Structures are given as structure tokens and as C-alpha cells.
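In what follows, a structure is listed as C-alpha cells, so that the remarks can point back to it.
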Amino acid sequence: MEEPAPHLLPFDRAVLARPAPEVAPLLLGAQLTHASAQGTVAITITEVEAYDGERDPASHAYRGKTARNAVMFGPPGHLYVYFSYGMHWCANIVTGPAEYASGVLIRAGRVTWGAPLARQRRGMAVPEHHLARGPACLTQALGIDRTHAGTDLLGGSALTLSPRPDSQVVTTANGPRVGVRLAADVPWRWWIAGDPTVSSYRRNHRASP
DNA sequence: ACGCCGATTCTC
DNA sequence: AGAATCGGCGTC
């Protein structure tokens with residue numbers, strides 16, 4: 001007998017309409033689920049970074065609205081997907097009110113459903129806690145790419161964001177964001193303390209000392 | 001039109 | 001420390 005699919009309760013859009021640095025830690029422990037034709041993969045979010053609109057030098061929205069970052073200027077709860085280094089996809093949850101271009105990069109997660117499919121996508125030799133460790137590994141494990149750009153995560157689509165269960169307690173830590181050259185010391189990365197699925201910190205090699 | 005470089009990852 | 005690999009964005 002097949003087990004039931006993960007319970008899906010949409011995240012509160014009013015919460016996501018708050019500023020990215022406020023929303024980011026609230027997303028730790030939340031669940032992101034992708035139900036595709038291949039099957040369903042779900043993760044518990046363990047690491048995030050906030051990017052706070054046109055005022056944030058590290059944000060893709062720093063120099064204003066373009067075709068690439070347009071989704072970030074839209075309403076909260078949608079998915080901003082961007083292509084990185086010619087080979088990787090990374091996913092952000094748009095936050096803040098419409099026209100305020102902020103978002104939270106989902107950097108890592110623990111696979112809680114569909115591990116066999118996630119491993120098929122990531123490579124059979126990849127250890128369990130590395131299946132969604134790092135933003136590009138996470139999208140690969142979940143099967144997220146350009147076709148999911150702009151998806152409403154609260155709108156009953158294949159991609160769904162569910163809140164952290166009230167019973168689940170998480171201890172968070174925070175520090176500077178990974179790999180950014182500008183604003184390299186702003187501590188807008190949050191993670192679940194001690195969790196092995198969290199990626200490792202690397203400072204941008206060109207960031208000011 | 002041209003060139004640099006990145007919210008990365010993997011290997012040496 | 002360096003490669004892979006390409007689209008976006010600034011500059012000429």
C-alpha cells in the first residue's frame with residue numbers, strides 16, 4: 001500500500017509580504033515540495049539568505065528592474081529562478097510587497113520525501129545529507145529549472161511552500177552570505193544550528209577585506 | 001558589439 | 001587553486 005503524499009498547507013502570504021531579513025529565519029523548518037510527473041520530492045529548509053531589494057548591493061535587484069529579475073518586483077510568494085555560472089539553477093522565494101524587489105534564496109534543505117528520485121537526479125553516490133546541500137544542488141534535487149520561474153508557491157501548483165509545524169522547534173544561527181562580493185559582511189544568512197545539510201561558508205575572493 | 005564576471009560546484 | 005560554461009549587464 002502506497003503511503004500518503006506529504007501534507008500540504010500553504011504558507012501565509014501576509015508573512016511573506018514582510019521584509020526579506022524578517023522572513024528568512026521564519027522559513028527555516030518550512031517545507032518545499034515539488035510534485036512532478038517523475039514523482040514527488042519534499043525538503044525541509046535548513047539554510048536561507050535574504051536579499052533586500054534595490055537598496056542591497058548584493059541583490060540582483062540592486063540596479064533596478066530587468067527582464068531577468070522582474071519576478072522579484074512582483075507579489076510575494078512567487079519563485080524567482082535564475083541561471084548561474086552557465087550551468088546551475090537557483091531558487092528564491094519572493095518577499096515584501098509588490099514592487100519591493102526582495103527575496104530569500106533557498107540555499108539548503110533536508111530531503112524528507114522522495115529521496116530515491118532526488119538521488120536519481122543528483123547522482124547515486126551522493127550521501128543523504130548532501131542531496132540538497134547548496135542552492136544549485138537543492139534545485140537539482142527538487143527538479144526546479146527555468147520552467148518554474150514565477151510559480152506561485154501558495155497557489156496550488158506543483159510547487160508548494162508549507163509552514164513549519166508548530167511542534168517543530170529549530171535553533172537558528174546566522175552570519176554573512178556565501179560568495180557575495182558586495183556587502184560581504186552583512187549577516188543575512190540563516191541556518192539551523194548544527195544541521196549537517198547546511199552548506200559551508202565561503203567568502204568571495206574579491207570581497208573587500 | 002565586446003568583455004568581464006558571477007547569490008556555484010567539483011576536482012586537483 | 002582552477003576549471004566548467006553562458007547569460008546578464010556595463011562599457012566602448
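All values below were derived from every heavy atom in this structure, side-chain atoms included, with hydrogens, water molecules and symmetry-related copies excluded. Chain identifiers are assigned alphabetically (A, B, ...) following the order of the sequence lines, protein sequences preceding nucleic acid strands; residue numbering begins at 1 within each chain. Note that the structure is predicted; figures quoted are calculated from it, not measured.
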(Q) Distance alone, cut at 3.5 Å: any donor-acceptor contact between the side chains of A/T197 and A/T46? (A) yes
Q. Between A/T160 and A/T33, does any side-chain donor sit less than 3.5 Å from a side-chain acceptor?
A. no
Please state whether the phosphate of [N], meaning OP1 or OP2, lies under 4.0 angstrom from any side-chain nitrogen or oxygen of [X].
{"X": "A/H60", "N": "B/dA7", "answer": "yes"}
{"X": "A/R107", "N": "B/dT8", "answer": "yes"}
{"X": "A/R63", "N": "C/dC9", "answer": "no"}
{"X": "A/T66", "N": "C/dC9", "answer": "yes"}

Q: Determine the interplanar angle of the A/H60 and A/Y82 rings, folded into 0 to 90°, and report it as parallel if under 30°, tilted if 30 to 60°, perpendicular if over 60°.
A: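 Judged by the thresholds at 30° and 60°, the geometry between A/H60 and A/Y82 is perpendicular.
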(Q) Using side-chain heavy atoms (C-beta onward) and a distance below 4.5 Å, is A/D145 in contact with A/V81? (A) no
Nearest to the [X] side chain among [options], which nucleotide is it?
{"X": "A/R68", "options": "B/dA7, C/dC9, B/dT9", "value": "C/dC9"}
{"X": "A/H88", "options": "B/dT8, B/dA7, C/dG7", "value": "B/dT8"}
{"X": "A/F83", "options": "C/dT5, C/dC6, B/dA7", "value": "C/dC6"}

Q.
Check whether A/H34 reaches the backbone of A/L142 with its side chain - one donor and one acceptor, N or O, closer than 3.5 Å.
A.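 Looks like yes, one N/O pair under 3.5 Å.
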Q.
Tell me whether the side-chain N or O atoms of A/Y82 pair up with the base of B/dA7 as donor and acceptor below 3.5 Å, since no angle test is needed here.
A. yes
Q: With a 4.0 Å heavy-atom cut-off, tell me which residues in residues 191-208 of chain A come close to DNA chain B, sorted by residue number.
A: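 Only A/R202, A/R206 qualify.
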**Q.** Close residues, residues 90-105 of chain A, relative to DNA chain B [heavy-atom separation under 4.0 Å]
**A.**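 Output list: A/N92, A/L105.
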**Q.** N-O pairing of A/R18 and A/D12 below 4.0 Å
**A.**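 Between A/D12 and A/R18 there is no salt bridge, as every charged N stays at least 4.0 Å from the carboxylate O atoms.
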Q | A/M87 or A/R146, whichever maps to the more 5' nucleotide of DNA chain C | A |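 Its nucleotide being nearer the 5' end, the pick is A/M87.
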How would you label the contact of [X] with the nucleic acid (heavy atoms, under 4.0 Å): base, sugar-phosphate, or nothing?
{"X": "A/A136", "value": "sugar-phosphate"}
{"X": "A/R177", "value": "nothing"}
{"X": "A/R122", "value": "sugar-phosphate"}

Q) Whole Å only: how far is the OH atom of A/Y85 from the C1' atom of B/dT11? A) 16 Å
Q.
Given A/R121, which partner from the list A/V126, A/T139, A/V41 fulfils the side-chain contact (heavy atoms from CB on, under 4.5 Å) test?
A. A/V41
Q) When you match A/Q140 and A/R181 each to their closest nucleotide on DNA chain B, which lands nearer the 5' end? A)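 The residue mapped nearer the 5' terminus is A/R181.
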Q | Taking every non-hydrogen atom, the tightest pair across A/S59 and A/Y51 | A | CA-CD2, 3.9 Å
Q) Do you know which of A/H130, A/R107, A/R133 makes side-chain hydrogen bond (donor to acceptor under 3.5 Å, both in side chains) with A/S199? A)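 Of the listed options, the one satisfying the test is A/R107.
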Q. Can you tell me how far P in B/dC2 sits from the matching atom in C/dT5, rounded to whole Å?
A.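 Roughly 23 Å separates the two P atoms.
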